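Worksheet: one structure, shown below.
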Number of protein chains: 2
Amino acid sequence: MSLSPIKLYTAPTPNGFKISVFLEVLGLEYDTQVIDISKNESKEDWFVKLNPNGRIPTIVDPNFKNAPTEQGLVLSQTGAILQYLADTYDKEHKHSYPFGSAEYYKTLEYLIFQVSENGPIQGQANHFIIYAKEKVPYGVDRYTNDTKRIYGVYEDILSRNKENGSKFLVGDRYTVADFALYGWAYRLARIDIDIHDWPLLGQWFDQLSKLPGVEKGLQVPPSK
Amino acid sequence: MSLSPIKLYTAPTPNGFKISVFLEVLGLEYDTQVIDISKNESKEDWFVKLNPNGRIPTIVDPNFKNAPTEQGLVLSQTGAILQYLADTYDKEHKHSYPFGSAEYYKTLEYLIFQVSENGPIQGQANHFIIYAKEKVPYGVDRYTNDTKRIYGVYEDILSRNKENGSKFLVGDRYTVADFALYGWAYRLARIDIDIHDWPLLGQWFDQLSKLPGVEKGLQVPPSK
């Protein structure tokens, strides 16, 4: 069965990259619509209708059967989008595990660790270091330190997995847990932290960077 | 088939309440072990072996078939635990939707909105208002305002759903999206915000509070 392209509303941010990278890795067709977050386009009425939270990325999948809207399934939140894409389009489980398996839920655990700690905390570090109009040393220190702690947790996970011969966050393959982290690891240099400060994470990052589709996904949307 | 009790490592926090409330609502047997986070017990070696991130809640389900460890399936991150419990123990879909349905993924979207925005941002508000050893007005304002914005998004979701005759976050029943939010809504008063400032959310909160099991779940672990 041939699929219609998935619609992707995105911007060149860590959360945007997560989805474009994973779409490329899965080899799915998609049409990109750039949302200019510098102009608050994601807070405009037409977009908030798609995502009440007014943030990219959002997808619309016209291939979804019995979709609740005419356009298809409208979905936001990177954690939900990644899990949906894996469940739906990775039937051979190259980058996922069967629903209900222990690995399925460990993948979900680390996916949610990424979206609930790594992303939000590194996002706050970005805010206080790059964007805040006021210098707030307390905020810079708090979120820089916690960002580093969190990458330390990932290093610990990779270290445990290495004992079982794995270089992945879960089991013997890259999953959405890895792709979610990759988007933020890719932008870690912006706050002068080098992912290679953690040896296993550094290797993980370099190897994942070479996976077919990853480089192309990082160019979405193309820079002006 | 009779089930062995699930082991729950928890503390009286919004994230802890999410799980004890949902276990009660599902009518599942569980044994509670209190983790004293004021003594950093969740950072002790034995606990970090269970959850590399060193945070409550964590569950161990001895009923899981082909579990990767002798004790059973070890799972952390409230989003993952709630989804696992719903997938596994709510076969009649009283508080969930069938895997693969549009409602399943909308539930996941709002569950992840809770764990990736509502929880982290309200958590930072708690930090700057209650726990920080330094007064940092920038932090207080930033996270108070964003917490309020996020509850406004929830009010908007409930307002749209009301047009379809629903008082729930997704469809015609309480799901893990609701139970996840409830844990944090319950503790909103600690930073002097009244959930009833948002009329639909206030009703949602009062009605969910009366659901059998909720009150009991909020007493776990019992106060000293």
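Just so you know, these numbers come straight off a predicted model, no measurement behind them. The analysis underlying the following values was restricted to heavy atoms, covering all of them including side chains, and did not include hydrogens, waters or symmetry mates. Residue numbers begin at 1 in each chain, while the letters A, B, ... track the order of the sequences.
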* To do: Please work out whether the ring planes of A:Tyr84 and A:Phe64 are parallel, tilted or perpendicular, with thresholds of 30° and 60°.
  => tilted
* B:Ile157 versus chain A, the contacting section by heavy-atom distance below 4.5 Å -> side chain
* For B:Leu73, does its backbone N or O pair with a side-chain atom of B:Asp61 as donor and acceptor, under 3.5 Å? -> no
* To do: Compute the centroid of each ring, for B:Tyr97 and then for B:Tyr104, and state whether the two points are separated by less than 6.0 Å.
  => no
* Donor on one side chain, acceptor on other, B:Asp87 and B:Gln83, under 3.5 Å -> yes
* Asked: So A:Tyr143 and B:Tyr143, would you call those rings parallel, tilted or perpendicular, with 30° and 60° as cut-offs?
  -> tilted
* Structure fact -> To the nearest 0.5 Å, atom CD1 of B:Ile56 lies from atom CG of B:Asp36 at 11.5 Å
* **Distance in Å, B:Gln77 CD paired with A:Leu111 CG, rounded so as to fall on 0.5 Å steps** => 9.5 Å
* **Parallel, tilted or perpendicular: ring planes of A:Phe17 versus A:Tyr186, cut at 30 and 60 degrees** => perpendicular
* Not counting sequence neighbours, which residues clear side chain to side chain donor-acceptor pair (under 3.5 Å) with B:Asn145? List them please. => none
* Among the listed options A:Arg142, A:Arg149, A:Arg55, A:Gln114, the residue most often paired with chain B at heavy-atom distances under 4.5 Å -> A:Arg142
* Structure fact -> Among residues 116-140 of chain A, those lying within the under-4.5 Å heavy-atom range of chain B are A:Ser116, A:Glu117, A:Pro120, A:Ile121, A:Gln124, A:His127, A:Phe128, A:Ala132, A:Lys133, A:Glu134, A:Val136, A:Tyr138
* Contacts of residues 7-16 of chain A with chain B (heavy atom under 4.5 Å) -> none
* Asked: Non-hydrogen atoms of chain A under 4.5 Å away: do they reach the side chain of B:Leu75, the backbone, both or neither?
  -> both
* Asked: Taking every heavy-atom pair that is under 4.5 Å apart, which of A:Gly100, A:Pro52, A:Ala102 has the most such pairs with chain B?
  -> A:Pro52
* To do: Under 4.5 Å, counting heavy-atom pairs only, tell me which of B:Leu108, B:Ile81, B:Ile112, B:Thr78 racks up the most with chain A.
  => B:Ile112
* Select one option (side chain, backbone, both, neither) describing which atoms of B:Asn53 are under 4.5 Å from chain A's heavy atoms. => both
* How are the rings of B:Tyr151 and B:Tyr154 set to each other: parallel, tilted or perpendicular (split at 30° and 60°)? -> tilted
* Just give me the residue among A:Gly79, A:Ser76, A:Ala80 that pairs up with chain B most often, heavy atom to heavy atom, under 4.5 Å. => A:Ser76
* Asked: Where does B:Ser101 contact chain A at under 4.5 Å (heavy atoms): side chain, backbone, both or neither?
  -> backbone
* **Contacts with chain B made by residues 161-177 of chain A (heavy-atom distance under 4.5 Å), listed by residue number** => none
